[in-house]
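Residue indices begin at 1 and follow the sequence shown.
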Amino acid sequence: MTIGLAAGALAVASGSIVGLVLGLVGGGGSVLAVPLLVYLVGVPSPHIAIGTAAIAVALNAAFGLIAHARLGTVKWPCAIVFSIAGMLGALLGSVVGKALDGTKLLALFGLVMIAIGVAMLRPPGKDALRDVRLTRTTAPDMLPRLVGVGSGVGLLSGFFGIGGGFLIVPGLILGTGMALQSAIATSLFAVTAFGLTTAGSYAFSGLVDWRLAALVIAGGIGGSLVGTRINARLSEHRRALAAIFATIVISVGVYIVVQGLTALLPGV
């Protein structure tokens, strides 16, 4: 894909939106990355959009992970186990996703966006308050859940080419019962791992536009810094921010599904 001046500017703007959302609500930038690349930047192939978004989101998440690591909120043992299990799932999911027709994959992606948006509207569970640690004592109970949930989330992440932040955060809470703040911080490690696994699979098939990815990453770094600062100032209104973003995710998901159905069923 030849990147003109206008498309380049739109790619940087898309990256800024992705980074802003990651910094603001702790995830979800990857849910918007693919539709932004397809419908705003004009990437003609959904598969190239997925592969390019995966590498961009992974590196933007790694940038955010550094900030959280400095705050000491990352649960590293849980992150490593969850991510290793998820990377295997992501690799399998990406292989299946590449084999599926791009239009059908995009329509299914829209359905996942709607489901994620609806899930975001639910308040966090009361159990998501504990400070947990993966140790020899807790491993018999926690390890199987981390591996099981991590594999499932990784599979979906690889299939749809998303970092899976909004899947990983509830997955970590489900598997460990850790506090929401720790789950958000820990999820960035998994988003990075899943994204790089998916991107590697797509890059092997020649489905990553590296110049476009560089522009998205550049925009994402700036957006992430702004989002993190806004998040700190509006921490008391995080649920309201999440609700607004959920509405956007659902709306974009509905649009993608309608576009997909229109392409698959011209008579609709």
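Atom SG of C78 is separated from atom CZ of R133 by 10.0 Å, given to the nearest 0.5 angstrom. Put simply, CD1 on I173 and CE on M178 are 8.5 Å apart, with the number rounded to the nearest 0.5 Å. Atoms CG and OG, on L37 and S45 in that order, are 11.0 Å from each other to the nearest 0.5 Å. Expressed to the nearest 0.5 Å, how far CG of L212 lies from OG of S14 amounts to 8.0 Å. Distance check, rounded to the nearest 0.5 Å: CG of L59 to CG of L196 gives 6.0 Å. Separating the CE atom in M87 from the OG atom in S94 is a distance of 11.0 Å, to the nearest 0.5 Å.
Side-chain contact between I48 and V208: absent, with no pair of heavy atoms (C-beta onward) separated by less than 4.5 Å. Between K98 and S205, some side-chain heavy-atom pair lies under the 4.5 Å cut-off. In this structure, L20 and S224 have side chains that are not in contact, with every pair of non-hydrogen atoms separated by 4.5 Å or more. At least one side-chain heavy atom of N60 sits less than 4.5 Å from a side-chain heavy atom of I221.
When all heavy atoms of F189 and S83 are compared, the closest pair comes out as CD2-OG, 3.1 Å. Scanning all heavy atoms of the two residues, the minimum distance from T197 to A90 falls at CG2-CB, 4.1 Å. In this structure, V38 and A49 approach most closely via the heavy-atom pair CG2-CB, 3.6 Å. Across all their heavy atoms, A107 and V257 have their closest contact at O-CG2, 3.7 Å. Summarising the geometry of T176 relative to V132, their closest heavy-atom pair is O-CG1, 3.4 Å, with the distance given to 0.1 Å. Across every non-hydrogen atom of T186 and A79, the tightest pair is CG2-CB, 3.4 Å.
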For L207 and I50: C-alpha separation, side-chain torsions, deciding distance, then whether side chain to side chain contact (heavy atoms under 4.5 Å, CB included) applies. CA-CA 8 Å; L207 296 173; I50 288 173; over 6 Å; no
Working note: T52 + V43, criterion side chain to side chain contact (heavy atoms under 4.5 Å, CB included); need CA distance, chi angles, decisive distance, verdict. CA-CA 10 Å; T52 303; V43 177; over 6 Å; no
L108/F159 under side chain to side chain contact (heavy atoms under 4.5 Å, CB included): CA gap, chis, key distance, verdict: CA-CA 10 Å; L108 289 173; F159 183 75; 4.3 Å; yes
Verdict with supporting geometry, W210 and I55, side chain to side chain contact (heavy atoms under 4.5 Å, CB included): CA-CA 9 Å; W210 295 102; I55 184 65; 4.1 Å; yes
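In this structure, F194 and F82 have parallel ring planes: the angle between them is below the 30° cut-off, well short of the 60° mark.
Of the possible polar contacts, one joining the H47 side chain to the L100 backbone as a donor-acceptor pair under 3.5 Å is found. In this structure, the side chain of S157 does not engage the main chain of V153 through any donor-acceptor pair within 3.5 Å.
Transitive grouping of hydrophobic side chains (ILVMFWY, heavy atoms separated by less than 4.5 Å) brings L36 and V258 into a common cluster. Transitive grouping of hydrophobic side chains (ILVMFWY, heavy atoms separated by less than 4.5 Å) brings L40 and Y255 into a common cluster. Tracing side-chain contacts under 4.5 Å through hydrophobic residues (I, L, V, M, F, W, Y), one never reaches L91 starting from L155; they form parts of separate clusters. Residues L188 and I80 share a single hydrophobic cluster, defined by chaining ILVMFWY side chains whose heavy atoms lie under 4.5 Å apart. No continuous path of ILVMFWY side-chain contacts below 4.5 Å connects Y202 to V95, so the two sit in separate hydrophobic clusters.
With R145 as the fixed residue, the side-chain contact (heavy atoms from CB on, under 4.5 Å) test singles out one of V147, L143, D141: D141. Tested against L10 for a side-chain contact (heavy atoms from CB on, under 4.5 Å), the candidates L215, V216, V41 yield a single pass: V41.
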